[in-house]
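These notes are about the structure you will find just below.
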Amino acid sequence: MSVRNDELADLLEEFADLLEAQDVEYKPRAYRQAAENVREHTTSVADLAREGGADAVSEVNRVGDAIAAKVVEYVETGEIEELEELRADLPVDMAGLTSVEGVGPKTVGTLYRELGVRTLDDLETAARAEEIREVSGFGAKTEENILSNVEFARRSNERELLGDARPLADDIQRHFADVTAVERCEVAGSLRRWKPTIGDVDLLVASEDAEAVVDAFTDWEEADVVIEAGTGKASVRSAGIRVDLRVVVPEEFGAALQYFTGSRDHNIRVRDRAIERGLKVNEYGVFDVADVDDAEDHQRAGERVAGATEEEVYAALDLPLVPPELREDRGEVRAAAEGTLPDLVRVEDVRGDLHLHTTWSDGRHSIREMVEGAAERGYDYLNVSDHATGPGMVGGVGLDDDELREQLEEIRAVADDVDIRVFAGVEANIDEEGGLSVGDDLLAELDCVVASPHSALDGDGTDRLVGAVEHPEVNVLGHPTGRMLNRRSGLDFDVGTVAAAAADANTALEVNANPNRLDLRGGAVQVAVEAGATIAVDTDAHRPESYDLVRYGVHTARRGWATADDVLNTWSVEAVEDFLGL
Ligand code: DGT
Ligand code: CA
Ligand code: CA
Ligand code: ZN
């Protein structure tokens with residue numbers, strides 16, 4: 001078992017918290033200092049433990065014999081007996097509870113002993129019931145503070161939406177564009193990989209003047225709080241999102257960008273490939289370490305063979321640049337080595353949108369306004385797909401068959417009047433048996449039928465979704481899982497099975513680009529593409545500005561290895577008509 005330094009450090013911190021909660025003195029501080037030094041240690045502390053036992057581990061700065069023995073115990077047995085006992089004595093969600101401002105480990109200990117508080121929910125309940133103010137050492141004011149901080153803590157425990165973080169990163173890049181000390185600025189981390197949710201925003205700047213860059217960063221108008229500002233490193237919070245900046249010299253920028261883009265698992269593949277070639281790759285560069293002996297080994301030891309650009313870093317390992325969206329250790333390093341990386345779909349390839357709404361259902365704009373918005377973007381076609389009535393539609397939002405027939409006439413009238421191709425469609429609801437909420441004869445009159453699940457969004461949906469994609473009139477399976485990020489996980493289903501059925505039935509699977517959905521997700525798209533299914537990247541726009549959300553969908557499709565050929569709405573009007581059987 002390989003144990004990372006940060007995993008060991010987290011354990012030691014948990015130890016410190018639990019000791020502190022028991023009102024133990026001095027020891028918590030020793031554990032915290034040890035944790036910090038283990039985390040920062042440049043070689044594997046677990047390896048030290050395995051090779052040299054507790055003596056070797058206690059060589060790490062500020063790690064005493066007792067703590068070193070605990071590290072060895074963990075590396076050898078996978079647990080630490082004393083920690084298990086502490087956990088049993090205090091079975092609480094320590095991380096969750098201490099994320100509430102004003103609640104530290106000591107408070108957690110007291111509230112558990114006095115009131116049995118174990119979770120954030122318990123804490124909130126106790127505060128609302130005014131039980132906390134009765135505990136000695138607490139008062140009404142403290143209780144009120146806890147209550148108002150619980151909600152905030154809950155929110156900040158959630159990962160941020162890509163759709164909230166990306167515009168922030170765009171803004172800081174514009175801000176840095178005017179700063180002369182900044183030679184290059186790139187987003188790194190999960191945001192550069194376009195993950196649907198992100199922990200924090202990582203920014204990387206190339207500069208010879210780190211101080212000027214850090215100053216410009218903390219001066220950014222959107223920075224609400226400066227969390228820290230050091231030499232070549234700083235963090236701020238903006239709109240509740242943490243933004244981490246690192247400044248590096250230009251000759252190391254490519255290596256740093258590669259490293260901090262991650263994912264960790266991708267980087268491990270890359271590092272292993274370097275080792276096979278007698279090279280070392282880290283955040284400072286790629287180094288030929290053939291002539292470096294152990295004694296003089298350090299981060300920049302050896303002959304630098306690459307570092308200024310990412311292309312150069314990958315080239316040193318005989319690889320083409322791997323697009324960031326693919327760096328999830330899902331076969332991309334092997335494909336790169338074999339020269340079979342896909343030519344990924346790009347935002348510019350998109351020629352139309354097949355899922356959008358108007359005032360006929362819950363949209364904010366008329367058919368004509370939505371059509372004109374699409375024409376202004378230079379699209380060649382769009383599909384007007386308002387909600388049909390049926391399971392999951394509440395408050396009279398959905399149209400019945402008569403209303404849909406009436407709308408069809410208006411769609412045809414607008415279509416006759418404009419230069420872009422306007423398909424007449426609908427978004428029908430998939431019921432629990434996989435049937436649709438619109439009559440077959442009407443569906444047959446429509447050009448492009450989107451079918452989506454809007455109700456009973458839990459449990460296994462495989463049969464239900466197969467039923468929908470096999471319906472002869474269905475052209476697009478809309479937001480297949482029905483998930484809402486941070487709110488509900490949506491249907492489970494076997495993607496391979498649904499995708500194979502979709503490929504056979506000539507039904508496209510949607511990547512819904514709305515940043516609250518991003519449904520299908522990248523991993524599912526990869527399976528779908530592999531199974532030969534066609535993808536549709538749609539915005540589900542309720543107003544023309546929402547067509548801009550298409551980039552989130554395209555990058556999600558890229559995370560699924562999709563090429564333009566795989567994506568229906570990059571095709572020509574004629575090819576799409578052919579797919580729709582028109
Ligand atoms: P997030 O922020 O949770 O959405 O995910 P990331 O991927 O942005 O992770 P983050 O912000 O902790 O670090 C950014 C990248 O830096 C990460 O993707 C890989 C790299 N990195 C950070 N720490 C380590 C580490 O201890 N080992 C390795 N191999 N890579 C690391
Ligand atoms: Ca991050
Ligand atoms: Ca980070
Ligand atoms: Zn919709």
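Counting starts at 1 for both ligands and their atoms, in listed order. All residue numbers refer to positions in the sequence shown, counting from 1.
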Kindly identify the option in [options] whose heavy atom sits closest to [atom].
atom                    : options                : answer
atom 2 (O) of ligand 1  : D265, D200, I268, V270 : D200
atom 13 (O) of ligand 1 : N5, D202, L162         : D202
atom 4 (O) of ligand 1  : S263, G189, S190, A188 : S190

Taking the Zn ion (ligand 4) as the vertex, how big is the angle to OE1 in E427 and NE2 in H355, rounded to 10°?
->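 Angle OE1(E427)-the Zn ion (ligand 4)-NE2(H355): 90°, rounded to 10°.
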Under 4.0 Å from a heavy atom of [X]: give me the atoms of ligand 1 that qualify, with their elements.
X    : result
G199 : 1 (P), 2 (O), 3 (O), 4 (O)
F260 : 14 (C), 15 (C), 16 (O)
I198 : 4 (O)
R193 : 7 (O), 18 (O)
T261 : 18 (O)

Are [X] and [Y] linked by a side-chain donor-acceptor pair shorter than 3.5 Å?
X    : Y    : answer
D386 : T358 : yes
S238 : E222 : no
H357 : D540 : yes
N61  : Q33  : no
E7   : Y74  : yes

H357 atom (N/O/S) at minimal separation from the Zn ion (ligand 4)
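The closest N, O or S atom of H357 to the Zn ion (ligand 4) is NE2.
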task: Please name the atom of D540, restricted to N, O or S, that is closest to the Zn ion (ligand 4).
output: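 Atom name returned: OD1.
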Under 3.5 Å: donor-acceptor pair, side chain of N383, backbone of C448 =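 Confirmed, N383 side chain pairs with C448 backbone.
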For T534 and L568, indicate whether the former's side chain and the latter's backbone hold a donor-acceptor pair under 3.5 Å.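 The answer is no, because no donor-acceptor pair under 3.5 Å joins these two groups.
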Has ligand 1 got any nitrogen or oxygen that is less than 3.5 angstrom from a nitrogen or oxygen of R159?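 Checking ligand 1 against R159, an N or O pair does fall under 3.5 Å apart.
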*Does R4 come within less than 4.0 Å of ligand 1, judged by its heavy atoms?*
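Flag not set, R4 not near ligand 1.
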Are R264 and ligand 1 in contact, using a heavy-atom cut-off of under 4.0 Å?
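Per 4.0 Å heavy-atom rule, R264 contacts ligand 1.
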- Taking every non-hydrogen atom, the tightest pair across V422 and D447: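 Smallest interatomic distance, heavy atoms only, reads O-OD2, 4.2 Å.
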So which atom in Y547 and which in T539 form the shortest heavy-atom distance, rounded to 0.1 Å?
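Heavy atoms of Y547 and T539 come nearest at O-CG2, 3.7 Å.
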Exceeds 12 heavy-atom contacts within 6.0 angstrom, atom CZ of R521 =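 Incorrect, the count does not exceed 12.
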| request: Establish, for the pair R166 and Y552, whether the NZ or CZ atom is under 6.0 angstrom from the six-membered ring centre and no further than 45 degrees off its axis. | output: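 No, R166 does not lie over the aromatic ring of Y552.
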Q. Do any of the N, O or S atoms of D202 sit under 3.0 Å from the Ca ion (ligand 2)?
A.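 So D202 does bind the Ca ion (ligand 2) by this criterion.
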- Would you say H479 reaches the Zn ion (ligand 4) with an N/O/S atom under 2.8 Å?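 Checking H479: none of its N, O or S atoms is under 2.8 Å.
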Closest N/O/S atom of D200 to the Ca ion (ligand 2), by atom name?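 Answer by atom name: OD1.
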